[in-house]
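Accompanying notes for the structure given below.
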Number of protein chains: 2
Amino acid sequence: MKYSKKTISESLPRYQEIQNHLKSQILSGTWAPGTKVPSEHELAAQFDCARMTVSKAIGSLVEKGLVVRRRRAGTIVAAPRSQETVLEIHDIQAEVQASGRLYRFDIQSRRVGKATREEAEKLGAALGSPVLAISCVHWADTVPYALEERLINLDAVPEAESEMFREVPPGSWLLAKIPWNEAEHRIFAVSADAVTARVLKIRRSAPCLCIERRTRRDSHNVTYVRLIYPGEQHVLVARFQTHGATAR
Amino acid sequence: MKYSKKTISESLPRYQEIQNHLKSQILSGTWAPGTKVPSEHELAAQFDCARMTVSKAIGSLVEKGLVVRRRRAGTIVAAPRSQETVLEIHDIQAEVQASGRLYRFDIQSRRVGKATREEAEKLGAALGSPVLAISCVHWADTVPYALEERLINLDAVPEAESEMFREVPPGSWLLAKIPWNEAEHRIFAVSADAVTARVLKIRRSAPCLCIERRTRRDSHNVTYVRLIYPGEQHVLVARFQTHGATAR
DNA sequence: CAGCGCAATATGCCTAGACATATTGGCACC
DNA sequence: GGTGCCAATATGTCTAGGCATATTGCGCTG
């Protein structure tokens, strides 16, 4: 059979049709975890196409973590164990503007110097290495939106030393400077200390959401940031994703 | 040229070699966002392989969100947009046991009835539909670990009505019952109310991390859960991911 | 019956060519 | 000089084979 795509009305590529078929069996629970998926040969016969086409369809499901393949043993439906969700952490400026409010920020303090022990630890750099420490408040209209405390490793980003952040907030500036990176987040609740309470205009010991992020590039630590969002207002939303490649 | 894999050292498949090469160019920043990647033909010539092999390599990078492809225009390096991180939300029992502590839970209250307006809204079900409402405390050794307030849609999971959760906590029970699903998380900081403070043995209005999760299956809402972790102890860790789809 | 080795099987990776389709740059025509 | 159309190009999808490799089940032998 030669390659002729337009059979009747068609628009979806063949491999996606196959993929959707398999996916619906899995997601609907018809095929429970552990169930053996028909072999590539069988599916190729069933959908009347080449084995490669089936292989491509299944290959994609593997990347999505819906199935696991083993030679000779065949393809089986993966078990969903730890739930993984994708959390989008936006640029604060974009976040505020997306909600239709006026974005503004002001630099509270700015210091260039050698890293103290605490700073070196947070940043993951050597003690005494040159750092830029910045404290900055983000505003949405006339309400404090978040307090940012940031350390920048000047060994990694020497240009930052002369940057005054008059126009662009540090986060956005760095994002533009450093195209691709690795990051690690820690999210937890804290109680507002005196300084935080003052600048965010909330009462002392009010609950705040705190996000710590350490960013690396090519295994070099670039920046550490601690964002404190006031009160119970700020909500991180993580959209779904099930998966189970990491079996347990 | 016929297919002969074992050239010299033999190890990585061809398409992965190509993928790694491209990936390193992108991640190192050598190819800035917007840069045009060599065409499939060029790469095929360069790596002395078939175009399909190159296509497979690039196809995977597309799924990872590192590049964007457009016909005729070619393949270009994608711009890193909002940072996305993968957040793993574990089963509480597993979480506690992983930290080497003894896991225990007790059911505070259990009620079967018709959904109140508030419950219906949280669960995303119709007002008056049958629900199971459960409140449950999770312990690590002798310390309260989290307070769980859960609603289960009995239309979706009728078996839950007769389940008393003596052995298995509701979360684990449901996870085993419902193999694949979609979920939506909301994460924020709250201040402990009187009840929460009492059962978690913390002072009133102490900051707590709150995770709300609504779980669906086949677009049917199955369960809503609100987990409250006491104090500043509990930390969610999200490992990096610059971007993209599903990745590993 | 236990253990070993082999053949069958299912995936893994690859090729060389084909047709399909979107897009773009340039050329011809007005 | 503007504009519309066409050919060149790069990807998108697919085929029908091929050899490579891990595993499993089974039959044979001690």
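Each chain gets a letter, A, B and so on, in the order the sequences are listed, and its residues count up from 1. Since this is a predicted model, take the numbers as computed values, not measurements.
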**OP:** Indicate the ring-plane relationship of B:H234 and B:Y229, choosing parallel, tilted or perpendicular according to the 30° and 60° boundaries.
**Re:**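 Because their plane-to-plane angle is under 30°, the rings of B:H234 and B:Y229 count as parallel.
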
Calculate the interatomic distance between [X] atom [atom1] and [N] atom [atom2]; express it in whole Å.
X	N	atom1	atom2	value
B:R70	D:dA10	CZ	P	14 Å
B:L43	C:dT15	CG	P	13 Å
A:D48	D:dT15	CG	C1'	11 Å
A:I58	C:dC13	CD1	P	13 Å
B:I76	C:dT23	CD1	C1'	13 Å
B:R69	C:dT23	CZ	P	15 Å
A:R71	D:dA20	CZ	C1'	7 Å
B:H41	D:dG12	NE2	P	12 Å

Consider the side chain of [X], meaning its heavy atoms from C-beta on, and name the nucleotide among [options] that approaches it most closely.
X	options	value
A:A50	C:dT11, D:dG12, D:dA16	D:dA16
A:T53	C:dA10, D:dA10, D:dT15	D:dT15
B:R51	D:dA16, C:dT11, D:dT13	D:dT13
B:P13	C:dC14, C:dT11, D:dC14	C:dC14

Heteroatom pairs (N/O) under 3.5 angstrom, protein to nucleotides 5-8 of chain D:
unit_1	atom_1	unit_2	atom_2	d
D:dA8	N3	B:R72	NH1	3.4

**OP:** Any chance you could lay out the side chain to side chain donor-acceptor pair (under 3.5 Å) test for B:S172 and B:D91, step after step, and finish with the verdict?
**Re:** CA-CA 7 Å; B:S172 308; B:D91 186 50; 3.1 Å; yes

Original post:
In terms of the nearest nucleotide of DNA chain C, which residue is placed more toward the 5' end: B:A73 or B:M52?
Top reply: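 Looking at DNA chain C, the more 5' nearest nucleotide goes with B:M52.
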
Original post:
Short question: side chain of B:D141, backbone of B:L102 - any donor-acceptor pair under 3.5 Å?
Top reply: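 At least one qualifying donor-acceptor pair exists.
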
Original post:
Are any side-chain N or O atoms of B:R14 and backbone N or O atoms of B:F47, one a donor and one an acceptor, separated by less than 3.5 Å?
Top reply: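 Between the backbone of B:F47 and the side chain of B:R14 there is a qualifying donor-acceptor contact (under 3.5 Å).
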
Original post:
Atom CG of A:L61 and atom OG1 of A:T75: how far apart are they, to the nearest 0.5 Å?
Top reply: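 One finds 9.5 Å between CG of A:L61 and OG1 of A:T75.
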
Original post:
Checking side-chain contact (heavy atoms from CB on, under 4.5 Å) against B:E212, which of B:H185, B:R186, B:E184 comes through?
Top reply: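 It is B:R186; the other options fail the test.
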
Original post:
Of A:I134, A:V131, A:T215, which meets side-chain contact (heavy atoms from CB on, under 4.5 Å) against A:T223?
Top reply: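 Of the listed options, the one satisfying the test is A:T215.
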
**OP:** Please check the phosphate of D:dC14 (OP1 and OP2 only) for any side-chain N or O of A:K56 closer than 4.0 Å.
**Re:**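 No, outside the criterion.
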
Original post:
Does D:dT13 have OP1 or OP2 sitting under 4.0 Å from an N or O in the side chain of A:Y15?
Top reply: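 For D:dT13, OP1/OP2 do have a side-chain N/O of A:Y15 under 4.0 Å.
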
**OP:** Mind checking B:T75 for me? I need base, sugar-phosphate or nothing, with any heavy atom below 4.0 Å counting as a touch.
**Re:**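 Sugar-phosphate, backbone atoms only, no base.
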
Subject >> side-chain contact (heavy atoms from CB on, under 4.5 Å) partners for B:E149, two or more places apart >> reply: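 Result, side-chain contact (heavy atoms from CB on, under 4.5 Å) vs B:E149: B:S135, B:L147, B:R226.
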
Subject >> Criterion ring pair (Phe, Tyr, Trp, His ring centres under 6.0 Å) on B:F105 and B:W139, from CA distance to verdict >> reply: CA-CA 6 Å; B:F105 75 98; B:W139 299 75; over 10 Å; no

Original post:
Taking five pairs at each end of the helix from C:dC1-D:dG30 to C:dC30-D:dG1, what angle separates the two helix axes (nearest 10°)?
Top reply: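 That helix gives 0° between its end axes.
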
Original post:
So do the side chains of A:K23 and A:K64 get within less than 4.5 Å of each other, counting heavy atoms only?
Top reply: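 Contact flag for A:K23/A:K64 side chains = yes.
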
